[in-house]
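In what follows, a single structure is set out as structure tokens and then discussed.
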Amino acid sequence: MELLRNAVRPYAWGSRTAIADLLGRPVPTPHPEAELWMGAHPGDPSRLVRSDGSEESLLSLLDADPAHHLGPECTERWGTRLPFLLKVLAANEPLSLQAHPSPEQAAEGFEREERAGIPRNAPNRNYPDPTAKPELICALTEFHALAGFREAQRTVRLLGELDVPSLRAHTGLLAAQPDPDGLRALFTTWITLPEHYLREVLPELLDACVRHVREHGEFALECRTVLELGEAYPNDAGVLASLLLNRLVLQPGEAIYLPAGNLHAYLQGTGVEILANSDNILRCGLTPKHVDVPELLRVLDFTSGDMRVHKGESLDGNLTVYQTPAEEFRLSRVDWSPANATAVRLDSPGPQILLCTRGALLLSTADGAELELGKGQSVWLAASDPAVLARPVCPDGTAQLFRAAAGAHR
């Protein structure tokens, strides 16, 4: 049971307040702070902080003694690799539209690019590693996202409401075939439009969205999003693609799970994200980075419908578990209140990372070890560590803890 020192990633779309406030640092920060990483990702591994003030990379510790830190179930499935990465993600501007491959697609794509001799850090590399990247994000604040293709008939109605003259023929593609094949045809048409055509059609689309918002139309939220994206990313085909996706607003504690092939973009807000320890991303738009359209089309799932919002499964009063099919991770949340401030036992056959997001906690074990965990602090629990009891130490008994662990072994 040891404290972690974690890296903050300063991407341009990040917040100048959210992560700094969580960590108890002055705000606003000089530069945007987008993600706080907790885990053993090779790009920025956490460091264990010893009682004497010394530090050691978690990645190095896993390589040196996987049996102690990861346990038999985890090492049997994942070797010396911690299968999950825990983050606090703080978006002040939209992220790129993107999707992630399945395990089979990732393994095949990695091997193909290795044979082709593409450097793993090359900007045109799609598969820097051979693993899938499912992810789940749980809102800490109101959180806005685009995720999954909207039910096709509703998209036909949206496009009909906007009635953009230069898009009428495209709209007819989906109206004639409102199913995954029709969505694929329309999406492929839009994502491959030449820039000179986008320069003509996007202003018409933005004008139509302005009218729809002024008229308080059924799709006003979707249209406001198109207007915001169009301003931030002029002449980007991703602005058109955003019209096809579910527009979501998550309240604190609500989550979405993003499996392989799900096209998505986080727009604004702060959340706790857990994902497989992978860098495989296929981008679609809303970014100056590499977009490989043929590979993206191989990965995307064009199934349409409402995107499920996970509220979590409540266990033992103040424990909430977010169940997903992912083998790599499992996320749970513990909330303490004045009415329910009892200690919660946290044990697992594998490794865990605990993150305090509100209040302060006392962690204790049966052998007498104790550690106080304040807001923004996180702790590493090796598989061989004894079970931990967590209880709030704030005077009002209020606290919140997120717990990351490996998923069920299959």
Side-chain angles (χ1 to χ4, degrees), residues 1-4 6 22-24 36 38-39 46 48-49 69-71 73-74 82-88 136-140 251-255 257 270-274 310-324 326 328-409:
M1 181 171 67
E2 292 172 290
L3 284 173
L4 294 174
N6 306 301
L22 178 70
L23 298 177
L36 177 70
M38 291 154 280
S46 298
L48 271 66
V49 181
H69 284 282
L70 299 177
E73 291 188 16
C74 202
L82 182 66
F84 62 83
L85 178 65
L86 183 67
K87 298 180 182 181
V88 174
L136 177 139
I137 190 156
C138 179
L140 287 176
Q251 298 305 315
E254 295 181 337
Y257 172 65
T270 303
V272 171
E273 183 182 34
I274 189 166
H310 294 249
K311 297 183 182 296
E313 180 183 350
S314 181
L315 303 174
D316 300 328
N318 52 356
L319 174 65
T320 300
V321 178
Y322 297 91
Q323 304 282 6
T324 76
E328 295 88 349
F329 59 75
R330 190 184 196 211
L331 185 71
S332 53
R333 192 187 84 237
V334 186
D335 293 280
W336 287 272
S337 67
N340 189 356
T342 57
V344 173
R345 179 184 171 94
L346 304 171
D347 56 1
S348 170
Q352 302 177 75
I353 293 176
L354 309 181
L355 167 67
C356 180
T357 50
R358 188 168 61 240
L361 300 164
L362 182 67
L363 307 179
S364 60
T365 62
D367 59 8
E370 290 188 344
L371 179 66
E372 188 163 322
L373 198 64
K375 179 182 174 182
Q377 290 186 308
S378 57
V379 66
W380 169 256
L381 298 179
S384 58
D385 284 348
V388 166
L389 284 178
R391 62 179 179 84
V393 292
C394 290
D396 65 357
T398 300
Q400 185 179 71
L401 176 77
F402 280 85
R403 175 194 188 195
H409 180 68

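What you see is a predicted model; the values in this text were computed from it and never measured.
Considering every non-hydrogen atom in both Leu82 and Pro351, the closest pair reads CD1-CG, 3.7 Å. Closest approach of Leu70 to Cys74, counting heavy atoms only: O-CB, 3.1 Å. Between Asn6 and Ser46, the shortest heavy-atom contact is OD1-OG, 2.7 Å. For the residue pair Ala406 and Pro83, the shortest heavy atom distance occurs at CB-CG, 4.1 Å. Of all heavy-atom pairs spanning Ser348 and Arg403, the tightest one is CB-NH2, 4.0 Å. The two residues Pro349 and Ala383 make their nearest non-hydrogen contact at O-CB, 3.7 Å.
Between Phe329 and Leu86 the shortest side-chain heavy-atom distance does not fall below 4.5 Å. Proximity of Ile274 to Phe402: side-chain heavy atoms (C-beta onward) are nowhere separated by under 4.5 Å. Using a 4.5 Å cut-off on side-chain heavy atoms (C-beta onward), Val379 and Val388 make no contact. Side-chain contact check for Leu36 versus Leu23: some heavy-atom pair is nearer than 4.5 Å. Residues Gln323 and Tyr257 have side chains not in contact (no heavy-atom distance under 4.5 Å, counting atoms from C-beta outward). Contact check for Trp336 versus Val344: side-chain heavy atoms found under the 4.5 Å cut-off.
Considering CG of Leu136 and CG of Leu331, their distance stands at 6.0 Å, rounded to 0.5 Å. Rounding to the nearest 0.5 Å places CE of Met1 at 12.0 Å from CD of Gln352. Atoms CG and OG1, on Leu22 and Thr270 in that order, are 9.0 Å from each other to the nearest 0.5 Å. Here CD1 of Ile353 is found 7.0 Å from OG of Ser378. Values are rounded to the nearest 0.5 Å.
Within the structure, the salt bridge (Lys or Arg N to Asp or Glu O under 4.0 Å) test picks out the following pairs touching residues 361-376 (sequence neighbours left out): Asp21-Lys375. Residue pairs satisfying the salt bridge (Lys or Arg N to Asp or Glu O under 4.0 Å) criterion with at least one member in residues 338-347, sequence neighbours excluded, are listed as follows: Arg345-Asp347. Judged as a salt bridge (Lys or Arg N to Asp or Glu O under 4.0 Å), not a single pair has a partner in residues 377-393 (not counting sequence neighbours).
With sequence neighbours left out, Glu2 forms a side-chain contact (heavy atoms from CB on, under 4.5 Å) with Leu48, Arg50. Applying the side-chain hydrogen bond (donor to acceptor under 3.5 Å, both in side chains) test to Trp380 and every residue at least two apart in sequence or in another chain returns His69. Qualifying side-chain hydrogen bond (donor to acceptor under 3.5 Å, both in side chains) partners for Thr357, counting only residues two or more places apart in sequence or in other chains: Gln400. Not counting sequence neighbours, the partners of Thr398 by the side-chain contact (heavy atoms from CB on, under 4.5 Å) test are Pro338, Arg358, Asp396. In terms of the side-chain contact (heavy atoms from CB on, under 4.5 Å) criterion, residue partners of Leu315 (sequence neighbours excluded) are, by chain and number, Glu313, Leu319, Val321. Scored by the side-chain contact (heavy atoms from CB on, under 4.5 Å) test, Gln377 finds Leu3, Leu373 as partners (sequence neighbours excluded). For Ser314, there are no side-chain hydrogen bond (donor to acceptor under 3.5 Å, both in side chains) partners two or more places apart in sequence or in a different chain. With sequence neighbours excluded, the residues that form a side-chain hydrogen bond (donor to acceptor under 3.5 Å, both in side chains) with Ser384 are His68.
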Requested in this report: Please report the C-alpha distance between Met38 and Val88 in whole Å, then the side-chain angles of each, then the deciding distance to 0.1 Å, and finally whether the side chain to side chain contact (heavy atoms under 4.5 Å, CB included) criterion is met.
Outcome: CA-CA 9 Å; Met38 291 154 280; Val88 174; 4.1 Å; yes

Query raised in the report: side chain to side chain contact (heavy atoms under 4.5 Å, CB included) between Leu363 and Leu381: does it pass, once the steps are laid out?
Result: CA-CA 11 Å; Leu363 307 179; Leu381 298 179; 5.7 Å; no

